Colleague: 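Attaching a single structure in structure tokens format; questions to follow.
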Amino acid sequence: MDSGLDSGNYEPAGEAATASFRERVLAVVKLIPAGQVTNYGTVALLAGKPRAARQVGGILYGLRESEMDVPWQRVINAQGGISTYKVGSGELQVALLKAEGVEVIDRTVDLNVYGWRPDDDLLSG
DNA sequence: TGTATGACAACAA
DNA sequence: CTTGTTGCCATAC
């Protein structure tokens, strides 16, 4: 646990303003409802870095068992496609999504059906 | 301190 | 529809 200190990433007992981008990204991903998906750009936007979509992928790539509570499978690309095939997690991601009821056809998800609308989530709760 | 990298995104042809 | 190019910016080295 603590022995495996994360890459120079500490939390100076302050506000989220000092929290690393990584911390905020993981927090945002946890907000994605089961059975729905969103894209890297949206996660980056909600994390406060509208142009850091690529970094979101890089962060999720480094996830380990410690962060297994992060529903990374709900994050796909803006085209509704599974981006994890290039890192060998495609099959796993599709399996996890289908287990939540998300239909994946030809490695693609219909964002018009399963796309998460942060607005709806904010309005309802 | 500087360079290279990449689970992206938007656009051109 | 596909393929290639460009912009982007936090991390890694």
Side-chain angles (χ1 to χ4, degrees):
Chain A
M1 312 240 214
D2 51 56
S3 60
L5 185 64
D6 283 305
S7 52
N9 186 19
Y10 67 100
E11 185 125 7
E15 296 298 315
T18 53
S20 66
F21 179 58
R22 176 193 150 91
E23 294 280 328
R24 294 200 303 271
V25 166
L26 297 184
V28 170
V29 174
K30 290 179 183 176
L31 297 178
I32 306 171
Q36 291 189 289
V37 299
T38 190
N39 44 304
Y40 299 93
T42 299
V43 173
L45 176 65
L46 296 179
K49 303 289 182 179
R51 310 299 177 191
R54 301 183 73 166
Q55 279 48 260
V56 173
I59 290 166
L60 297 182
Y61 179 58
L63 288 180
R64 294 168 304 179
E65 294 180 30
S66 303
E67 296 87 6
M68 67 177 282
D69 57 312
V70 179
W72 58 270
Q73 71 275 20
R74 295 171 194 157
V75 184
I76 61 181
N77 63 42
Q79 284 67 46
I82 306 298
S83 294
T84 58
Y85 277 105
K86 70 174 66 172
V87 292
S89 299
E91 295 298 326
L92 173 59
Q93 180 165 17
V94 171
L96 290 171
L97 288 175
K98 287 185 177 180
E100 296 184 352
V102 176
E103 192 174 22
V104 182
I105 302 175
D106 190 36
R107 297 185 174 185
T108 303
V109 176
D110 188 338
L111 295 177
N112 293 308
V113 177
Y114 302 101
W116 176 44
R117 289 170 169 67
D119 295 1
D120 295 350
D121 200 43
L122 295 175
L123 291 173
S124 62

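Below, read A as the first sequence line, B as the second, and so on, with proteins coming before strands; counting in each chain starts at 1. Everything numeric here is computed off the predicted structure, so don't read it as measured data.
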Colleague: Closest approach to the side chain of A/Asn77, judged atom by atom: which nucleotide of C/dC8, B/dA9, B/dA7 is it?
Modeller: B/dA9

Colleague: Check the phosphate of B/dG6 against A/Lys86, side-chain N and O only, distance under 4.0 Å to OP1 or OP2. Yes or no?
Modeller: no

Colleague: How about A/Tyr61: does its OH atom have over 12 heavy atoms from other parts shown lying under 6.0 Å from it?
Modeller: no

Colleague: Could you tell me whether A/Tyr61 contacts a base, only the sugar-phosphate backbone, or nothing, with contacts defined as non-hydrogen atoms closer than 4.0 Å?
Modeller: base

Colleague: Considering only side-chain heavy atoms of A/Thr84, which listed nucleotide, B/dA7, B/dA9, C/dT11, is closest?
Modeller: B/dA7

Colleague: What nucleotide, of C/dT11, C/dC9, B/dA7, holds the atom closest to the side chain of A/Trp72?
Modeller: B/dA7

Colleague: Between A/Arg54 and A/Lys49, which is nearer to the 5' end of DNA chain C once each is assigned its nearest nucleotide?
Modeller: A/Arg54

Colleague: Partner lookup for C/dG4, please. Criteria are Watson-Crick or G-U wobble with both distances under 3.5 angstrom; report none if nothing qualifies.
Modeller: B/dC11

Colleague: Choosing from C/dC8, B/dA9, C/dT11, which nucleotide comes nearest the side chain of A/Ala53?
Modeller: B/dA9

Colleague: Of the listed nucleotides (B/dA7, B/dG6, B/dA9), which one gets closest to any side-chain atom of A/Gln55?
Modeller: B/dG6

Colleague: Counting only side-chain heavy atoms from C-beta out, which of B/dA7, B/dA9, C/dT11 sits nearest to A/Asn39?
Modeller: B/dA9

Colleague: If only side-chain N and O atoms of A/Ser83 are considered, is one of them under 4.0 Å from the OP1 or OP2 phosphate oxygen of B/dC8?
Modeller: yes

